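See below for the structure under consideration.
This is a predicted model, so every value here is computed, not measured. In what follows, every chain begins at residue 1, and chains take the letters A, B, ... in the order their sequences are listed.
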2 protein chains.
Amino acid sequence: MKRGVTIKDIAKKLNMSVSTVSKALNNDVSISALTSERVKALAKQLNYIPNEAARHFKLAKSFTLGLIIPDILDQYYAVAANGVEETAEKNGYNVILTQSHEDEQKEDRIVDVMIRNRVDGVIVSITKNRTDMQPFEKLLSIGIPVVCIGREPKSGQFDYVSSNNHDGAVMATEFLIGKGHRRIAHLMGPAGMRTSQARFEGYKQALANHGIPFRNELTECVDLTRAGTFAAMQRLMRLPEPPTAIVTFKNYVTLDAIDYLKKYYPELVDKVQFTGFGNLPILHHLDHKPLASIEESSFEMGEEAARILFERIGEDGENTERVYRSSQLPCRLVVHDDGE
Amino acid sequence: MKRGVTIKDIAKKLNMSVSTVSKALNNDVSISALTSERVKALAKQLNYIPNEAARHFKLAKSFTLGLIIPDILDQYYAVAANGVEETAEKNGYNVILTQSHEDEQKEDRIVDVMIRNRVDGVIVSITKNRTDMQPFEKLLSIGIPVVCIGREPKSGQFDYVSSNNHDGAVMATEFLIGKGHRRIAHLMGPAGMRTSQARFEGYKQALANHGIPFRNELTECVDLTRAGTFAAMQRLMRLPEPPTAIVTFKNYVTLDAIDYLKKYYPELVDKVQFTGFGNLPILHHLDHKPLASIEESSFEMGEEAARILFERIGEDGENTERVYRSSQLPCRLVVHDDGE
DNA sequence: TTGTACGCGTTATCAG
DNA sequence: CTGATAACGCGTACAA
């Protein structure tokens, strides 16, 4: 790092003290207009660029947010990251984006890096299998606020933002009911995830709302692999009375399920109707697509999480009695019509 | 930021000087084993975490890389970002990931932020329309090395890593020739992009290699919008002799082109064969897909760019006579067979 | 082998 | 309104 122009240089050239220069640059009210002008003019002329590293150090603030997501290639998180980033930028903050790749140990290391770098706050979508929230509790104990997104914290007291999975599942299911379906199956997510449970509850709720009895055999868990979805679909389709519609947990589950039908029950493709979470732009290009998608407001989730985080950062840290927030953003039902 | 444990605290408790502690923690050879042990033990016990902000300031190094890409939702860049990140992590570096959204002014601001934050190096995929490289030349002049990826720098002296677009286009075209096609069209990218030109050249080269005359009317530029692709396809298909195969510039161009056929020439879908750049995982799920895809090694591109950057960072900056590198990573042809 | 002293660039405090 | 000075946490010559 080549040594750049510093306020010291400016002060020297102007025969002023560094403190005056600093204040002028920071628009301190106690500086005369004239002085302020001169300082700023010279600063521009010399191409002065403040050394944030020094500021951070001095102010004991990094003006940086840490963001931990499982996978950047998952649009859901990528979009959420955009929401975080945009909000951060508005507040003059940078974001360090990291991926856990669903690896708990990697997540531990990431948290450590964030502490070392003294980020001012962390937004995290915790790994699927994590059981203890220890590293995040450590962050809190150090005074670095944490906001969870998408995946509910397993324990402890954390702010939490997600889409309203329950209501989204209700919407999806009721949409299919509205289309006249009565035997509606659910390809449920991994049982260990709260998200799966919430969507499952919504599915059952919708059935109940319309007087349709819940049938255990119509719900199958998937592990988010193609093979897992195929196996689940096989069990569903071999039932004495197979479902006529299916509510799915996620994008790729929907696509794999449709692929299964294409392969083994080609006559039923486009007969069995799907509605699921996640709305990929690519759906446009599919011949056999879900009837509708539940679009999760992941951008807004990122925004909201960042907003909450900034509030926490602004707080004094000494309020021992915080109220932790849990906010559920509404989903939207998007119907895929073929007309264009 | 709550004040954490510092080496000063450790020194006090151990009745040593801070410098001893600092050296012990950094495994300085001049420290006795005993002292070193005691320091490290207490450090662990007190949960000491080095303040990187202070180190960065002191060392005039941020151990941070700046990465600027157009859009994180574009898999090509997201994967490249992973390559950068992984290499950075191996070197104990963080990455600040930013998006220009193809907005030149935003890119200018981003560069400014990076300077303020004293990143040690920058990797950038410059915006499509940029004409002057001024901000990046500024980075170089300050002593912050820059490596361009994916998109060739418009001017000046920069290291540059990309996929081998020329050879990739040759592969794509020859693959179609091998399938017996003679009237092969090219949906070319925006004429202003060097990438478009390189692929166009490759396309022509392949034709020449096999004695097929190049026909001007078989190449159409697209602007990467759906409407633009539709218009280009219309012109191609209305030719007296429409093409029997098409080499496309990018993922979504391929998909839109196929959609066009589905809509206006349904009898020709699956007759007109495609091969294009970009291999999206989603292609699996399509009924009508390109015959093959050119997979660009974008992960490796990110890795390579980071590697070069670290070399530059290691250099003394005072070598006025640098040799700038331009490396072209090979592409792979992936044939999409339907069997599974 | 250990300690002393200094400085990195900035801001805050307090005195003038 | 301006200036002198201390301090942030750390690393490093140089002295002991």
Rounded distance (Å) that lies between atom [atom2] of [N] and atom [atom1] of [X]:
{"X": "Asp9(A)", "N": "dC8(C)", "atom1": "CG", "atom2": "P", "value": "11 Å"}
{"X": "Leu25(A)", "N": "dT10(C)", "atom1": "CG", "atom2": "C1'", "value": "11 Å"}
{"X": "Ile10(A)", "N": "dT2(D)", "atom1": "CD1", "atom2": "P", "value": "16 Å"}
{"X": "Lys23(A)", "N": "dA15(C)", "atom1": "NZ", "atom2": "C1'", "value": "11 Å"}
{"X": "Leu14(A)", "N": "dG3(D)", "atom1": "CG", "atom2": "C1'", "value": "14 Å"}
{"X": "Ile49(B)", "N": "dC10(D)", "atom1": "CD1", "atom2": "P", "value": "11 Å"}
{"X": "Lys12(A)", "N": "dT10(C)", "atom1": "NZ", "atom2": "P", "value": "13 Å"}
{"X": "Glu52(A)", "N": "dT10(C)", "atom1": "CD", "atom2": "P", "value": "9 Å"}

Under 4.0 Å between a side-chain N or O of [X] and OP1 or OP2 of [N]?
{"X": "Lys61(B)", "N": "dC8(C)", "answer": "no"}
{"X": "Ser17(A)", "N": "dG3(D)", "answer": "yes"}
{"X": "Ser19(B)", "N": "dT4(C)", "answer": "no"}
{"X": "Tyr48(B)", "N": "dG9(D)", "answer": "no"}
{"X": "Thr35(A)", "N": "dC1(D)", "answer": "no"}
{"X": "Arg55(A)", "N": "dG9(C)", "answer": "no"}
{"X": "Asn51(B)", "N": "dC8(D)", "answer": "no"}

| request: Would you check if Gln134(B) and Val111(B) make a side-chain contact, meaning some heavy-atom pair closer than 4.5 Å? | output: no
| request: Return the nearest nucleotide to the side chain of Leu59(B); candidates are dT10(C), dT2(C), dT12(D). | output: dT12(D)
| query | Which part of the nucleic acid, if any, lies within contact of Ser32(B), taking any heavy atom under 4.0 Å across all strands shown: a base, the sugar-phosphate backbone alone, or nothing? | reply | sugar-phosphate
| request: Give one of base, sugar-phosphate or nothing for Asp28(A), where a contact means two heavy atoms less than 4.0 Å apart. | output: nothing
| Does any donor atom in the side chain of Gln328(A) or Ser162(A) lie under 3.5 Å from an acceptor atom in the other side chain? | yes
| Toward the 5' end of DNA chain C, which comes first, Ile31(B) or Lys58(B), by nearest nucleotide? | Ile31(B)
| field | Stacked pair Phe57(B)-dC10(D), distance under 5.5 Å, angle under 30° | value | no
| said: Is it the case that the base of dT12(D) and the side chain of Ser22(B) share a donor-acceptor contact (distance under 3.5 Å, atom types as modelled)? | reply: no
| Are Tyr93(B) and Phe310(B) an aromatic pair by the rule of ring centers under 6.0 Å? | yes
| said: For the NZ atom on Lys106(B), are there more than 12 heavy atoms of other groups (residues, nucleotides or ligands in this structure) within a distance under 6.0 Å? | reply: yes
| query | Salt bridge between Asp159(A) and Arg312(A), side-chain N to carboxylate O under 4.0 Å? | reply | yes
| request: Output yes when a side-chain donor or acceptor of Asp120(A) lies under 3.5 Å from a complementary backbone atom of Leu65(A), and no otherwise. | output: no
